[in-house]
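Side-chain atoms are counted along with the backbone in the values below, which use heavy atoms only and exclude waters and symmetry mates. Quantities reported herein were computed from a predicted structural model and do not represent experimental measurements.
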Amino acid sequence: MKWWQRFAGQARAGLAARDEWKANRDEWKAEYKCAKAARKARGEQWPGEHLGGPRLSGFTLLPWLLLGMGAFSNLVQGDTPNPWIGGVGLLTFNSLYIYVVFRSFAPAARDSRSTRVALLVMTAVTCTLSLLYGGSWVAFFPLLGLATGAAVRGRNLGRVGIGLAVLGGAIAGSQDPSSGASVGYGTFLSTMVTAAILSLSETVRELRAAREELARNAVAEERLRFSRDLHDLLGHTLSVIVVKSEAARRLAPRSMDAALEQVTDIEAVGRQALTEIREAVTGYREGSLALELDRARSALTAASMEPVVRQSGPPLSARTEALLGWVVREAVTNAIRHSAATTCTITVDGTADRVRLRVTDDGAGPAPTTAPGTGLKGLTERLAAAGGFLEAGEGPRGGFQVRAELPADEREPVAGGALSAPA
């Protein structure tokens, strides 16, 4: 079989491979259009649309293979000696180029040994073809630079780019001294620019993914905050309304004035609950510890429990007061609902470094098999985020105790001495 017959067979094989690649490309385009249309129908933005196009892939670097058309033309016109060597070399280079650039867009495949080996074989094929034929065949060095820039990232990129440029310039200069500098410069430029563009594209995608993740976390955090606020607000408010309603029902046969006073309190609690729910929805609710202590006194008294409130220490910051107010509200609500106690003691003790809160009752204490409620779990997370902690369990003298502690930072200036408010 003569050389042109072998070359014709190789050309037919190349055309078959090209047709297969076109079929795969058309299939990819069809899938891409379907996926994009589906996301658009759902009202979602296609990743990369804010940058003016879809995500980069190996197809982005395929048009640069046209740089090898000069060598292919020499083969077809019979200007290349030993054309079967040139044909095999051209097919090998193109195949390795496609293999490397497509694997370069997957980090795991890009850093694998097979990709590095394919890049080394490409370098050997490029050097061999350039030394054998020269002329338009040295244009494969910039193509090799494109593949190298796509596959090699990080610290070694500069050394690899310079080494490849020197190699290409030296080989091109040995064939044609006037083309050595231009080939070396083109090789270095293609290597570094390709790596820079692809690295920037990956960085932008990572930043966009991080932004979306932060947005999802913010939404989840807001949902958690809202659920906690509603639990604490409605749980306490409804408990107070139920207790005062029972008190009004008991007092109505004996004293209508006392019953009307309880009904008035129910109305005030309901109005205040509406205000707090609006504030919770907007996220601007700031609790007052003094207000929560007054409400605790009223709720405990209506539930036939004796309130004992002790407060000492310097004034606290608004943030600390809000957190302690939530603890008081939740602990008093649990005492009214579950403790069957006769006395509930609330103690606030502030020092220069820490502020401590204890809510203790003389009731039945915690049930042996009862798990912590949602409110106490949420408060534990809130105090932990603020640098404090919350503990709940059996009190030192029986009953149930909730103990909270927070750092006394961001305190307001002391306006007076210790505060004492026994009930």
Considering all heavy atoms of both residues, which atom of [X] and which atom of [Y] are nearest to each other, and what is their separation?
{"X": "S104", "Y": "A150", "answer": "CB-O, 3.2 Å"}
{"X": "V263", "Y": "A248", "answer": "CG2-CB, 4.2 Å"}
{"X": "A151", "Y": "L119", "answer": "CB-CD2, 4.3 Å"}

- prompt: Out of S245, S255, S304, which one pairs with R250 under the side chain to side chain contact (heavy atoms under 4.5 Å, CB included) rule?
  reply: S304
query: Do S201 and R205 have side-chain atoms, one donor and one acceptor, less than 3.5 Å apart?
result: yes
May I ask you to test the [X]-[Y] pair for a side-chain heavy-atom distance under 4.5 Å?
{"X": "L406", "Y": "L383", "value": "yes"}
{"X": "R153", "Y": "L198", "value": "yes"}
{"X": "F141", "Y": "I171", "value": "yes"}
{"X": "V328", "Y": "L289", "value": "yes"}

query: Got a second to check how far T345's OG1 is from R397's CZ, nearest 0.5 Å?
result: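 Those atoms lie 9.5 Å apart.
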Donor-acceptor pairs under 3.5 Å, side chain of residues 154-165 to any protein atom, not counting sequence neighbours: which ones?
residue : atom : partner : partner atom : Å
N156    : OD1  : R159    : NH2          : 2.4

field: For V121, all residues meeting side-chain contact (heavy atoms from CB on, under 4.5 Å), sequence neighbours excluded
entry: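 So V121 forms a side-chain contact (heavy atoms from CB on, under 4.5 Å) with L96, V117, V125.
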Pairing of E202 and R110 as salt bridge, 4.0 angstrom limit: yes
